[in-house]
> 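Please read through the structure below; I'll follow up with questions.
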Amino acid sequence: MTDIPTLYELSVPGRPGTSLPDCDVPPAPLPDDLVRADNGLPELSEPEVVRHYLHLSQRNYGVDGGFYPLGSCTMKYNPKINERLARLPGFAGLHPLQDEASAQGALELMHRLQEALKRIGGFAGMTLQPAAGAQGELTALLMIRAWHANRGEPGRDVILIPDSAHGTNPASATMAGFVAVEVPSDGRGNVDIEAVSAACDDRLAGIMLTNPTTLGLFEERIDEVAALVHAAGGLVYGDGANMNALTGIARPGDLGVDLMHFNLHKTFATPHGGGGPGSGPVGASAALAPYLPGPVVEMDGDGRYRLETPARSIGRMCAFHGNFGMLVRAYASIAGHGDSGLKANAMAAVLNANYLRVKLRDRYPVPFDRTCMHEFVCEGRPDGTRARALDVSKRLMDYGFHPPTNYFPLIVPEALMIEPTETETLATLDAFVAAMLAIADEARDRPDLLHDAPHTTPVRRLDEVRAARELRVAEPGDPE
Ligand SMILES: *Cc1c(COP(=O)(O)O)cnc(C)c1O
């Protein structure tokens, strides 16, 4: 693989990036303290700079470039019409401090999105503020704390979290001042109901349930779990990251969930954007809605929209109104699909995941092998070979696919969590299956091929621990 030279290596002293016409006014000298000769900037023509960045961008792997089955992340295609709508000057050019009267259209869009998410989730209230799923978790946990304090039970400090949960769950519970207590999963991959029952005492503040679970399975006794927790005075938080399986089919609010975050960048096709803006709206039951962060958008009798802070609000979670551009994209996605389209998406996401599960399970063991939702978890050691999930993933890159999620959830050894989403064709799914089966053969016949993979990518196998601990985002040779 050839390396792309840095801008500094390409630099030619004196080569300008622009050409200006001859000056037709007397030149005015710049103040001395503004002129620096030692700034070390590369000197290049405009096309050289454009090509440099284009080539760099082409080394990145995105959902526009290929199949991206990263489990739990719902890397579905992001329709370009949503981008166009978010860029409409009336949305993109608004100032967040503009008065309500001059921003009625934006407020109406936020109101419509609030209503749509309430309807989809079965909730009475909705905040669009949180800037990510994890911030939605924190928002809901702070609401749970305020709820118990308001009822004179500030001593309720335990949050139950299944052992299959996303790492953000215990982190959010701890940040909100709770004690996170792990509960095991049972043999079918559900939360162990006996363990929940045993933990139901007067210290219980609530439980965080992900449904479908991170095993890609429907939490079969969620109504019983919710009833147990409620009877003990606790609340049920739903981690809604996996709503892509349920949208239009089941409503968490109807299943006993009091509070839940949505990930607009998962379920509603807004871009994940390389760590860029996300959005994690939180829905609340009628009893919890007064605790939502403010402001939320209300509609008056005369059809005008205004911002309102709920009566017992925990306060703000985000500056201004959340990541507004993401709200526009998500609303475009919801309105563009309509109810029947959203349901069809969920059905196709579930069908695609089950197709892959059944095609792969003879070579890649699936420990909790029942009809899955939008994703499933298999063991990344084909046919009992010594290959590891990491080897399979790295080798997949040679076949042109983004790897699935590795080593999560923690309760499956050598876990590969595969989520195809609804936006992929049968031909793509079959190509992925063919690659996975070919890799299983290689694991048996040529294990070194896996162990040394990837072979064809611009960067070969990284020392992942070092890459995380000693992150260097500058190009070699760049001034630090
Ligand atoms: C993605 C995810 C989260 C966190 O969402 P972010 O938007 O990444 O903060 C929480 N729980 C589960 C199950 C997830 O998949």
Side-chain angles (χ1 to χ4, degrees), residues 63 68-76 78 117 121 127-142 159-176 180 182 185 189-191 206-219 222 236-247 252 257 259-283 317-318 322-323 325-327 329-330 349 353 372-377 404-412 415-421:
V63 78
Y68 208 134
L70 194 65
S72 209
C73 295
T74 314
M75 304 300 287
K76 61 170 79 173
N78 309 142
L117 294 176
T127 173
L128 303 176
Q129 274 198 11
Q135 207 197 12
E137 294 172 23
L138 180 64
T139 303
L141 287 157
L142 293 174
I159 294 284
L160 303 181
I161 302 176
D163 57 3
S164 60
H166 196 265
T168 50
N169 287 193
S172 300
T174 307
M175 271 188 79
E182 184 176 291
S185 302
N190 294 312
V191 62
I207 189 168
M208 299 180 84
L209 279 183
T210 309
N211 188 27
T213 68
T214 61
L215 292 164
L217 301 174
F218 191 83
E219 185 65 60
I222 184 168
V236 179
Y237 177 70
D239 177 328
N242 295 337
M243 271 303 285
N244 209 39
L246 300 188
T247 304
V257 170
L259 292 161
M260 185 189 82
H261 82 257
F262 288 89
N263 299 65
L264 299 188
H265 45 290
K266 295 180 182 173
T267 313
F268 300 110
T270 71
H272 288 238
S279 184
V282 171
M317 288 302 292
C318 192
N323 282 324
M326 293 299 139
L327 308 183
R329 290 171 176 85
C372 66
M373 298 285 103
H374 63 308
E375 65 190 0
F376 68 102
V377 180
T405 295
N406 283 210
Y407 299 106
F408 176 72
L410 305 176
I411 57 175
V412 172
L416 286 181
M417 184 201 263
I418 302 177
E419 178 179 9
T421 84

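When a ligand or atom number is given, it counts from 1 through the structure's own listing order.
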> Would you check whether Ser72 has a nitrogen or oxygen atom less than 3.5 angstrom from a nitrogen or oxygen atom of ligand 1?
yes
> Nearest protein heavy-atom contact for atom 6 (P) of ligand 1: which residue, which atom, what distance?
Gly133 N, 3.5 Å
> If the cut-off is 4.0 Å to any non-hydrogen atom of Ala241, which atoms of ligand 1 fall inside it?
2 (C), 11 (N), 12 (C), 13 (C), 14 (C), 15 (O)
> As an exercise, identify every atom of ligand 1 less than 4.0 angstrom from a heavy atom of Glu137.
10 (C), 11 (N)
> Among all protein non-hydrogen atoms, which one is nearest to atom 11 (N) of ligand 1, and what is the separation to 0.1 Å?
Asp239 OD2, 2.6 Å
> Could you check atom 3 (C) of ligand 1 against the protein and tell me its nearest heavy-atom contact, residue, atom and distance included?
Lys266 NZ, 3.5 Å
> Show the numbers, then the answer: is there a side-chain hydrogen bond (donor to acceptor under 3.5 Å, both in side chains) between Glu419 and Ser72?
CA-CA 7 Å; Glu419 178 179 9; Ser72 209; 5.8 Å; no
> Rounded to the nearest 0.5 Å, what separation is found between the CG atom of Leu141 and the CG atom of Leu259?
8.5 Å
> Name all residues meeting the salt bridge (charged side-chain N to carboxylate O under 4.0 Å, His left out) criterion together with Lys266; count only those two or more places apart in sequence or in a different chain, and write none if there are none.
none
> Taking distance alone, with no angle check, do Ala134 and ligand 1 share an N/O pair under 3.5 Å?
yes
> Mind listing the closest non-hydrogen atom pair of Glu137 and Tyr237 along with its distance?
CA-OH, 3.4 Å
> How close do Thr213 and Ser164 get, heavy atom to heavy atom, and via which atoms?
CB-OG, 4.5 Å
> For atom 5 (O) of ligand 1, which protein heavy atom lies nearest, and how many Å away is it?
Asn263 ND2, 3.0 Å
> Which class fits the ring pair Phe268 and Phe262: parallel under 30°, tilted 30 to 60°, perpendicular over 60°?
tilted
> As an exercise, state the distance from CE of Met373 to CG of Asn242, rounded to the nearest 0.5 Å.
11.0 Å
> In terms of residue, atom name and distance, what is the protein heavy atom nearest to atom 8 (O) of ligand 1?
His265 NE2, 4.3 Å
